There are 2 protein chains.
Amino acid sequence: MGMSQTDTVSRILDAAEVLFAERGFTETSLRTITSTAGVNLAAVNYHFGSKKELIQAVFERFLTPFTDSLVADLDRRVAAGERLTVEGLLESLYRTGMNSLAEEGRDPQRFMRLLGLAYTQYQGHLRRFIVSRYGNSYRRFAGLLAQALPGLDPVTFYWRLYFMLGATIFTLSSFDAIEAILREDFGAQSSLPEALERLVPAAAAMLKVNAE
Amino acid sequence: MGMSQTDTVSRILDAAEVLFAERGFTETSLRTITSTAGVNLAAVNYHFGSKKELIQAVFERFLTPFTDSLVADLDRRVAAGERLTVEGLLESLYRTGMNSLAEEGRDPQRFMRLLGLAYTQYQGHLRRFIVSRYGNSYRRFAGLLAQALPGLDPVTFYWRLYFMLGATIFTLSSFDAIEAILREDFGAQSSLPEALERLVPAAAAMLKVNAE
DNA sequence: CAATAATCCAAACGAGCGTTTTAATTGTCG
DNA sequence: CGACAATTAAAACGCTCGTTTGGATTATTG
């Protein structure tokens with residue numbers, strides 16, 4: 001087994017991650033990916049099998065450390081007997097997850113754009129892949145959040161959960177555009193952590209309407 | 001000038017609207033559009049010039065009646081000296097806009113999916129087109145909403161506005177998927193008006209955090 | 001070091017794409 | 001009716017796409 005195999009694989013993943021986040025899946029050709037990565041065109045089909053499987057691999061590399069560290073953090077806090085508030089859970093989701101990506105040198109914003117694409121783009125295989133692979137982590141988080149919101153009927157809770165996800169994914173995936181507008185119109189500097197700090201109380205208030 | 005010209009044009013627009021909302025722009029070929037519409041392939045280039053211009057035409061047919069009736073409603077209420085609350089403005093945005101589409105026999109949900117695509121997909125020309133064409137209506141609404149939220153500094157207001165847009169567009173554009181989950185897991189029937197009724201107080205609470 | 005597997009590479013394949021061309025058809029109007 | 005413009009139609013163009021192929025190159029291993 002060649003030493004450069006791993007290298008080629010990760011070079012492809014690095015390039016694909018950036019290009020997918022920028023333009024979407026269909027708009028990014030394998031030729032653009034491989035030439036950006038500096039590898040041969042056939043390498044994608046050789047190492048991943050197909051473009052679809054490459055897309056899934058990109059998401060796997062992102063989502064696994066993200067959900068792992070989120071679930072670990074949730075487990076730790078539950079085991080410590082900590083009382084989990086709505087704000088605390090959102091902090092976990094935003095901060096812990098983000099940090100796990102930042103530690104690996106990944107751009108959290110790119111991650112959010114990819115997550116947005118996964119929901120929006122016409123890629124049935126991707127949605128199925130994500131649900132089957134990360135559904136448990138999702139339900140873990142959603143379950144704890146529901147517990148922190150007693151008095152909300154399940155249907156209302158579910159709608160609110162989607163409102164919250166929408167606000168988060170939509171805003172963070174177009175962070176660049178929003179930041180540019182704010183800088184131009186108000187001369188205000190913005191950062192991703194600052195956006196998350198604004199998001200926590202706003203999303204929490206939305207979730208807590210009519211809850212006890 | 002042939003009578004059937006208008007017919008061909010609107011047949012193309014009808015087909016394109018549905019297909020774009022389902023799969024996105026790149027994933028929808030002109031051949032699929034024209035065969036669905038039952039017209040010749042060359043008709044798109046003949047009547048619209050190019051695929052890009054067809055995309056813009058689809059949005060124009062959607063957005064013009066939407067923003068027109070929204071702005072008319074805002075103007076009417078301002079002229080009547082009505083005091084516009086956050087909830088009232090969201091009601092205008094959701095209800096008035098939606099109704100204007102429903103009256104024309106258009107699917108409001110499809111409209112939301114298209115709006116989501118406009119933000120997410122990699123189509124620079126489309127974003128430019130929408131901003132230049134509908135920027136005034138957008139600023140009109142945003143201005144009145146800002147007035148209804150005294151005590152919020154402009155930067156915070158802008159972030160909240162994006163949180164609200166995100167929650168709205170994201171949720172409504174995947175309404176089908178959410179509805180299916182709710183029906184399966186809770187046996188609950190959902191409708192678009194009901195989703196909007198849930199959205200108004202939730203989004204209002206989010207906007208109003210720390211406002212007077 | 002020879003054999004064997006893994007990887008890389010250049011080239012080509014077939015299919016689908018948006019667009020253009022050219023001719024036939026249809027409608028309009030003096 | 002006949003001239004002229006508008007529309008429809010079929011076919012082809014040039015290009016890009018994802019994927020496959022067959023051989024060269026590199027690494028691994030007995």
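Here is the naming used below: chain letters follow the sequence lines, and residue numbers restart at 1 for every chain. Note that these values count all heavy atoms, side chains included, but never hydrogens, waters or copies made by symmetry. These numbers come from a predicted model, not from an experiment.
- Within the structure, every side-chain polar atom (N or O) of T8(B) is placed at least 4.0 Å from both OP1 and OP2 of dT7(D).
- Every pair tested for salt bridge (charged side-chain N to carboxylate O under 4.0 Å, His left out) that includes a residue from residues 40-53 of chain B fails, sequence neighbours excluded, so the list is empty.
- The interatomic distance linking H47(A) (NE2) with dG18(D) (P) rounds to 18 Å, in whole Å.
- Between F48(A) atom CZ and dC8(C) atom P there is a gap of 11 Å when expressed in whole angstrom units.
- No close placement of the F59(A) and F129(A) rings is indicated, their centers lying 6.0 Å or farther apart.
- Taking five base pairs at each end of the helix from dC1(C)-dG30(D) to dG30(C)-dC1(D) and finding the rotation axis that steps the C1' atoms of four pairs onto the next four gives two axes whose angle is 0°, to the nearest 10°.
- Considering F175(B), F62(B), Y94(B) as possible partners of F111(B), the one that fulfils the ring pair (Phe, Tyr, Trp, His ring centres under 6.0 Å) test is F62(B).
- Remark: E194(A) pairs with R198(A) by the side-chain hydrogen bond (donor to acceptor under 3.5 Å, both in side chains) rule, at least two apart or across chains.
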Each nucleotide of nucleotides 9-20 of chain C classed B (base within 4.0 Å of a protein heavy atom), S (only sugar-phosphate) or -, in 5' to 3' order, makes BB-B----BBBB
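- Qualifying salt bridge (Lys or Arg N to Asp or Glu O under 4.0 Å) partners for D107(B), counting only residues two or more places apart in sequence or in other chains: none.
- Judged as a salt bridge (charged side-chain N to carboxylate O under 4.0 Å, His left out), the pairs with a partner in residues 17-38 of chain A (not counting sequence neighbours) are, in order, E17(A)-R61(A), E17(A)-R106(A), E17(A)-R110(A).
- In this structure, CD1 on I178(A) lies 10.0 Å from OH on Y158(B), to the nearest 0.5 angstrom.
- Salt bridge status for D14(A) with R11(A): absent, with no side-chain N to carboxylate O gap under 4.0 Å.
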